[in-house]
Amino acid sequence: MHADCGEYDPGKIEQFWQKFWEENQTFCAKEDSSREKYYVLDMFPYPSASGLHIGHPEGYVASDIVARYKRARGYNVLHPMGWDAFGLPAEQHAISTGVHPELNTAKNIEIFRQQIKRIGLAIDWDREINTTDPQYFRWTQWIFLQLFKRGLAYVDERPIWWCEGLKSVLANEEVINGRSERGNFPVHRKNLRQWILRITKYADKLLDGLSHIDWPDSTKRQQIAWIGKSTGANVRFKIYGQDGEIEVYTTRPDTLFGVTYLALAPEHSLLEKIVAAEHIEQVKKYIEASRSKSDLERTDLAKTKTGVPTGAYGINPVSGARVEIWVADYVLASCGSGAIMAVPAHDERDYAFAKCHNISILQVIDGGNGAELPYTGSGNLINSGEFSGMPSEHAKVKIVEMLQMSSRGNFAQNYKLRDWLFSRQRYWGEPIPIIWVEQSEYERAISDANSCFREFLPDEPVACDSGGKKICALPLCSKHLPLKLPAVTNYLPSSDGESPLSNAKDWVNVRINVQTGEIFSADSFSSDANDRAWIFGRRETNTMPQWAGSCWYYLRYMSPNCETSLVDSSALRYWKSPDFYIGGAEHAVLHLLYARFWHRFLFDIGAIDTDSEPFQKLFHQGIILGEDGMKMSKSRGNGVNPDEIVSRYGADALRLYEMFLGPLDMVKPWNSRGIEGVCRFLKRIWHFYVGDDGNGRKFQETMPDECRRVLNETIGKVGSDIEDLKFNTAISQLMICLNTAIDSKGFGRAFGENFLRILAPFAPHIAEELWARLGNSGSIADAGWPQCDALEKFTPEKHKIIIQVNGKVRAECFIDDINMPDDEIFALAMSNADVSKHIAGKNITKKVYVRGKIINFAVK
RNA sequence: GCUCGAGUGGUGAAAUUGGCAAACACGCCAGACUUAGGAUCUGGUGCCCUAGGGCUUGAGGGUUCGAGUCCCUCCUCGAGCACCA
C-alpha cells in the first residue's frame, strides 16, 4: 500500500501518508507504564489571522524530529499541539467587524490546524487543547481561585502602566523601553485599582530553581536579572530635630561613613512632613515638575540630575554626622524604600549629583593607587572610625551588626521583581471568577459553615472602597466554573479603564442565594426573592491577561478531557513534565517566568506532585530572516509563506530545508535557491529506490564495504546529532551517505532499509513511501532505529599520518602498525621527498609525533 | 554605559581534547544528453602569481612543535539590561 505515482510527487505522497497516520492513529499517545515516556512540547501558537509564519515550522519540525527519533529509540512519546487563543488581535478584529472573537478564533484555528497538518508532524491530535474553551479555562479560573484563597491574588490601587493605544493596563514585563510589548504603543503611569498576583513571594524559589534545569544560559541570565536579587542592609537615619526616621536600602553599608546627603523620591511619603518652611515652595514646585515628566524623561541617563534641598537633616547612625536631605527624581519611588543614602565618592549617580549641586564628597574606601573618584569597587576603609583599615567585604557585615545592636539597621535583601499585574480591560480573556459585594453581605454569604463561597475563601478578605462603601471580593466556587463570557455588542474598552464586560449589565449585576449558592442575573429579580437568602453583587469585569492560559497548558495535554481536576493524577505521574520544550526566546521573562510561578504554586499546594519545575530542558530556535537579511514583515514584502513552499516543493523539502539552513538556535536568512538543493536530494533518494519505470529497484543482498562503512558512520552521527539538536550536520551526513551509495553502485538491501529509518525523522513522508515500496507493511515510525555496528570493524588497515614541517602540511604517509616506534616513523617521514625538500640543509630543533595522527618537524 | 553571544570562500555554513581549514549545500564555470534548459548527469571552483610555490578563519600581539579553537588589546555586528541604590 503506497501512494500512486511513478515519479517523485510530494503532493500525492504526503497527502497519502498524512491520511494514513490519521486513520491509523499512528501518533496517538497512551500511558504505558511498561515503557519509558518522552514528552516533547512546542510553545503553542496564537492562531493569528495571517496564518502560519515560516518561523513556526522551524521549532515544530525540530521538535518533531526529536519526537520521531525518540519513538524510534523505543520511547513512548507524547507530542501534542494546541492553541493559545485568547488575545488582542481577535478582539481588535471583533471591534472593527462586530464579529464575535469566538467565531474568528475558531476560523483561524481551523486554518492553523490544516497548515500544521500539512507539515506532517507526528502529533497526537486527540489531545488538542484551546485556552478559550470553557472546559479548559474553568481550570485557569480554578488556579486563580487557589491563588486567591492563599492570599496570592489581591487588589491594589497603585501607579501602573496604562497603554492608551491598547486601552488596557500592562504588566511590567509587557513594557519595553516605555512602549507596549504588543503593538509598540507608548505607555504611561496611571493610578488604577487592579488585580495583582504575589509573584514576589516566589522570588527566591524562582531564582533557585534555575540552577538545576537545562536551559539556555542567556535565558537563565535574563530571569536572574529580572528577579534582580541583591543583598545589603536597611539603614535608618534619624531626622534632626524631628520625630521619625528615613529608611534607606543600600548594597554598600561599608560606605556608610561616606554619606554626605540623603535623597528622597518626589513621591516619598515623609517629604511633606519634614520639609522646612522656607523650602516648601521650592519642594512643591519640584514635585509638581517631576510629576509632569514622563517615566522616559525621568530615567533618561543622559540628563543632568536635578533636585532641591528640603532644609531638613538626617543623622548618620554610625558617625553621627548631620547630612542634608534632598528631594531628587533620580531616586525612584519603586526602588527599595524610595530613599537613598548618597555616597558621592563611591557611586556614579551620587557623584554626578553632588558635583552638580556642590555637595561635599567624602572618600571612605581606599581604591589603591591612581583610583579616581567615584570609585565603585571594593578596598580597605578609610575615614571610617573604628572600621578604618577593614576590607569592604568584612566591613559590610561588621557595620550592619553594629547598626543592629542599636536598632538603626538590619541585613536585608531587595528584588527588582514586582508583583504581577493580572487584570486587563479586555473582552477576549478569561473572566475573573469574583463577585464584588458589600462587606455586610460578604459576611452573610460566608457565615454558614457549609457555604460554597468558603471553598476559596482567603484568610483576610480582599476588599476595596467603592463610592465610600467597603466592598469585598467573593470568590465563586468550583460548581460555578467555568464562568463564561457574556455576549456584548461593544467590544471596545473605555479610556477610563472600564472593561468592555461592564456593558453586559445583566451579566455583571447578580443576585446570589447565600444558602444554595445559586447566582442569577439581578434583572430577573422578582418580589419573592425579597428574602434574607439573597444578596446582590457585581461581577469583576476585568479579564485575565493572555499569559494565564499558557501558564499550565503543558499539564492539560496529559489528560485534556479530565473533568475532575486540571490534570488526571495517574496521567501526571506517568508523563511528569515535558522532557523537551522548544519555542522563541522572546518569552524569556514573560511566559517562561509566569509558568514557572504557577507551576511552583501548584506544586506547593499539592495540585501536582511530580517536578517543582515545569520545563526540564528548554531550547530556543533562532529567527528566520527574509532573503534580504532583514526581519520578515508585510511592509518589507520579504515574507515567505510556508503553504506556498509546501505546495511547490512538498513538506519534506520544507522540513529538510529549514533544518539544513544552519544551527537551530541561530538567526539565519531564508534562501529560496537553497531549497532547490534539498529538493534534488529528495529526488536523488527517490531514484535510488525507484527506477525510471516507476518500479522498485532490485537491491543486492550484500553491499560494498564503502557503503557499509558510511552507513554505520551515518547511523551513529545522525543519532548523536539529533540528541545535540544539530540537524544541519545530520542532514549533510545523510547526503554524504546517499552520495557514497550512489557512487559505489551497490545497493544492499540492508542499506536501503536502514537509510530510510534514519531519514524518517527528517523527511517522514518519502521515508514511509519508499519503506512501503520496499514491501514493508505498517508505518516506518514503528520500524525502530537501526543498530550501529562497531566502527572498528571498518577501520582501515593502514593508518594515515599527516607530516608537517613547521606546522605546515607537507605530506602524508601510511603505516600498517599503529604501534610503530617513534624512531622508525620519524625516519619514514624524513625519507619522504616532499618532506626532505623542506628540511634539507636545516637543523631539526624538535620532532613531535602524535600516535596515529600527525608528525611535526620544527626546523631552523 | 554594563553583561553576554558572534565575526571563517561569491552565499548558507562545517571543523572530538589545540592536530589535514572550508565538509555538506547554494551559486558560478566547463562539458555530456538535448529543438530547448530554470530538467538530469560528469568535472572544476578560498585568494594571489606561470607548472611550483606563497597567502588565508574581523585587526594586532602572545602562548605552543602546532591556534578558527587558548590568553591579552582593539574593531564590527547581534541580543539582553539600563539611574535597582
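In the text below, chain A, chain B and the rest are named by the order of the sequence lines, each starting its count at 1.
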Completion exercise
Letter by letter from the 5' end, nucleotides 8-17 of chain B scores (B base, S sugar-phosphate only, - none; protein heavy atoms under 4.0 Å) ----BSSS-B
Practice task
Kindly state each residue pair satisfying side chain to side chain donor-acceptor pair (under 3.5 Å) with at least one member in residues 657-667 of chain A, sequence neighbours excluded.
Solution key: none
Fill in the blank from the handout: Separation of B:C84 atom C1' from A:I340 atom CD1, nearest Å, is 11 Å
Pair partner, [N] [Watson-Crick or wobble, under 3.5 Å]:
N     : value
B:A85 : none
B:A21 : none
B:G43 : B:C29
B:U63 : none

Sugar-phosphate only, base, or nothing, as touched by [X] at under 4.0 Å among non-hydrogen atoms:
X      : result
A:I736 : sugar-phosphate
A:V331 : base
A:I731 : nothing
A:R851 : nothing
A:R673 : sugar-phosphate

When you compare [N] with [M], how far apart are their [atom1] atoms, in angstrom units rounded to a whole number?
N     : M     : atom1 : answer
B:G68 : B:C20 : P     : 10 Å
B:C24 : B:U76 : C1'   : 29 Å
B:G38 : B:G27 : C1'   : 14 Å
B:G60 : B:A67 : P     : 15 Å
B:A82 : B:G18 : C1'   : 39 Å
B:A59 : B:G7  : P     : 13 Å

Problem - Phosphate-side-chain proximity, A:R680 and B:C26, N/O vs OP1/OP2 below 4.0 Å - result: yes
Practice task
Verify the contact: side-chain N or O of A:R684 to OP1 or OP2 of B:A25, cut-off strictly under 4.0 Å; return yes or no.
Solution key: yes
Between the protein and nucleotides 62-65 of chain B, which nitrogen or oxygen pairs come in under 3.5 angstrom?
{"residue": "B:C65", "atom": "OP1", "partner": "A:K846", "partner atom": "NZ", "Å": "3.0"}
{"residue": "B:C65", "atom": "O2'", "partner": "A:N856", "partner atom": "ND2", "Å": "2.9"}
{"residue": "B:C65", "atom": "O2", "partner": "A:N856", "partner atom": "ND2", "Å": "2.8"}

Problem - Aromatic ring proximity, centroids under 6.0 angstrom, A:F727 and A:F660 - result: no
Practice task
Measure the acute angle between the ring planes of A:W686 and A:Y8, then classify it against the limits of 30° and 60° as parallel, tilted or perpendicular.
Solution key: tilted
Handout entry: Steps toward side chain to side chain contact (heavy atoms under 4.5 Å, CB included) verdict (A:E58, A:M659)
Key = CA-CA 7 Å; A:E58 193 192 6; A:M659 295 302 103; 4.2 Å; yes
Problem - Syn/anti label of B:G9 as read from its glycosidic torsion, with the cut at 90° from 0 - result: syn
